[in-house]
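Proteins come first, then strands; the chains are lettered A, B, ... in the order of their sequence lines, and each starts at number 1. Bear in mind that the values here come from a model prediction, so they are computed numbers and not experimental data.
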Amino acid sequence: MITETTPTTRDCVSKGFLPTRRPALVLEKKQLDDGVFSLAVQDSYMATHARAGQFANLYLRDLSRMLPRPMGVASVHGDAVQFIFAVVGEGTQQLSGLQSGDHVDILGPLGKGFDIREGKHYLLAGGGLGVPPLIRAAQEIQSIAGAHTTAIFGYRRNHFADSIVAEYSERTLSIDESEGNVIDLLDRWESDATAAGESTDVEILSCGPNAMMKAVAQWAREHGIASQLSLEARMGCGYGTCVVCVTPTVDGLKKVCLDGPVFTAQQLGW
Amino acid sequence: MVTEWKHSTVVAGVPWKNPVGTASGTFNLEACGRFFDVSEMGAISTKGVSPVPWDGNPTPRTVESPSGMVNAVGLQNPGVDHYLVDELPKLKALGALVVTNVAGHSDDDYAQVVEKLADSSADMLEINVSCPNVSHGGLSVGSDPLVLGHLIERLRPMTDKPMVVKLTPNVTDIVPIARAAVDAGADALSLINTLVGMSIDIETGKPFLGNVTGGVSGPAIKPIAVAMVWKTRQALPDIPIIGIGGIMSAEDALEHLYAGANAVEVGAAALVDPLAPLRIAHDLDILLDSRPQLAEKLRKGQTWR
């Protein structure tokens, strides 16, 4: 719909408002797995401001499929922002056809990301296409004094993100459906750490299917570990105005796109 | 720097600095106020407020449809008391012209909300008798001329504020409904609300939406909206009309204005670009330069047809 930055956009940005939907140059498109793609786009605002757990709206070129496709930021390099997504329908199929040199409209960063602190050890518990935001978490945590991560990823089949997260995370434990699940890995991590006499004073950041995250939150609670969970929800606008993507919390219904997508287990009552 | 708008309009005696407002249900100050100066809009129509907080419908609440979307939020809102101490004073402090959208499940609900808004800082009230996603009130009121007339007759004396009645397209003929609202004292009409629609997941055989049915909006409904604005204008030459439906650009807004609207509200476009309402207002201000007759009529509170 919008393929150029309008005078209205420039005027509002000059007054200090957030940048609206805008075209971003596609730098690279790669296939990582069957139906799974990596898309790198150039957007200096996103690159500067996107925190782990935040996401962007990506839009298709014409209005026949007009709603945004919200995607978590997977990594940032300079002014390049990487997204990793699966083809799940016609819209994502079209996005998977983008080539370097094309433009794609984006809006973001959106939502509230993970709360990351200095000096902590984070377990990144991810499942399937919930893994990409945790890659960004590993990248961000790597730059924070004294903080470090262990990636704990569950895949359906191919371990498509292990080599990417290995750039940022000290240790990666991963598993696919034929071998077990993320909870099995958390148990393995705990017994390894206990056997080695390492501290189990950690916090969990998780993203994946809701059923998996509920299990992760329960495991964390049983082990006295705090957890933050990045929810996936069917969104309308993705920026907080349409009240479509609500989730129950202990404080009532909250918007996943604006109040989340990251919530603590306590907030969700999980 | 504030825009020096060249082309204004008047709706039910209320001057709008430009003919473009936000449509109810697609504007939320916390979300949208981060992207633009809300005082720049012709008007801000806020999300429907009910006498008490409503939780709305079960999720999922939206699904994409060809050139549009089907939504069934069910008017989730924090209630009129919260609105009066939160979004309304904040919008007024920012200098916005506020059209407060009023929702209810019954005549008493609407009356309670109007009573509380009667002496508020809202500039206009918009009575939402057209939401397709609430079980009582909404569409069921707005599709029967007698029921609607009875409600507006009750609400009209409760406040001096200009009262806009927001009409549904889910009727065989919109004209008798529009006439009933006007005869009962409506100062203006806004149309259209969403069209009842449904989408089914063929993998499960079940409806996509938690509410089963929803309301269709977006560019797909623009010709329907333009036709209804035109029909209403033909039948009621003098009533101020706010045209709503499928406005994604200033050109779309012009269609509504040429059909006989005094102003327009932008809804679904804001969901795909937060800045769409203001961008459309800016673009329309330029397009009206080359349409001096239309611009002159709007400025005087008249319309093209």
Side-chain angles (χ1 to χ4, degrees), chain A residues 1-2 4-22 57-60 62-69 88-91 105-108 110-111 210 231-248 252-259, chain B residues 1-3 22 25-37 40 47 53 55-69 71-78 208-210 218-220 246 248-249 267-283 286:
Chain A
M1 178 176 75
I2 300 142
E4 59 187 279
T5 303
T6 66
T8 306
T9 304
R10 281 194 291 274
D11 183 49
C12 290
V13 169
S14 75
K15 290 171 182 166
F17 290 98
L18 294 181
T20 195
R21 173 174 166 168
R22 56 199 179 270
N57 280 348
L58 277 73
Y59 302 87
L60 305 178
D62 70 78
L63 283 170
S64 61
R65 293 174 197 276
M66 68 173 198
L67 289 179
R69 272 60 184 167
V88 293
E90 180 59 32
D105 278 11
I106 66 166
L107 173 69
L110 298 167
N210 281 1
L231 300 189
E232 190 173 45
R234 182 179 286 272
M235 292 181 181
C237 66
Y239 74 95
T241 203
C242 75
V243 206
V244 154
C245 61
V246 293
T247 189
L253 292 174
K254 295 286 178 191
K255 299 171 185 174
V256 173
C257 70
L258 187 70
D259 303 312
Chain B
M1 191 186 69
V2 176
T3 309
T22 63
T26 62
F27 179 89
N28 167 276
L29 179 59
E30 184 190 8
C32 303
R34 299 174 296 167
F35 292 95
F36 62 93
D37 175 355
E40 291 271 61
K47 175 96 184 161
D55 272 349
N57 288 323
T59 56
R61 291 176 170 184
T62 197
V63 60
E64 199 170 47
S65 58
S67 298
M69 60 188 286
N71 90 79
V73 172
L75 289 168
Q76 181 186 331
N77 79 93
F208 264 117
L209 298 178
M248 309 301 284
S249 67
L271 305 188
V272 299
D273 179 2
L275 205 53
L278 184 58
R279 177 174 47 77
I280 291 169
H282 279 155
D283 291 349
I286 294 165

Study note, to complete from the structure: Looking only at B:A31, B:P274, B:S67, most heavy-atom pairs under 4.5 Å shared with chain A are made by B:P274

Point to revise | Backbone of A:L231 reached by a side-chain donor or acceptor of A:N210 within 3.5 Å | key: no

Revision key, fill the gap. When the 4.5 angstrom heavy-atom criterion is applied to B:T59 and chain A, the contacting part is side chain

Check your understanding: If you measure from CZ on A:R234 to CG on A:L67, what distance do you get to the nearest 0.5 Å?
Key -> 9.5 Å

Review point. Chain A: which of B:A281, B:P66, B:P219 shares the most heavy-atom pairs with it under 4.5 Å?
Key: B:P219

Point to revise | Contacting region of A:P19 [heavy-atom separation from chain B under 4.5 Å] | key: backbone

**Study point:** chain B contact via A:L107 - side chain, backbone, both or neither, heavy atoms under 4.5 Å
**Key:** side chain

Review point. Quick check: does any side chain N or O of A:T241 sit under 3.5 Å from a backbone N or O of B:N28, one acting as donor and the other as acceptor?
Key: yes

Study note, to complete from the structure: Applying a strict 4.5 Å limit to non-hydrogen atoms, the region of B:A72 in contact with chain A is neither

Review point. Where does B:S249 contact chain A at under 4.5 Å (heavy atoms): side chain, backbone, both or neither?
Key: neither

Review point. Which answer fits A:Y239, side chain, backbone, both or neither, if we ask what part of it has an atom under 4.5 Å from a heavy atom of chain B?
Key: both

Practice item. Starting from the C-alpha separation in whole Å, work towards a yes-or-no answer on salt bridge (Lys or Arg N to Asp or Glu O under 4.0 Å) for B:D273 and B:R279. Key: CA-CA 10 Å; B:D273 179 2; B:R279 177 174 47 77; 3.6 Å; yes

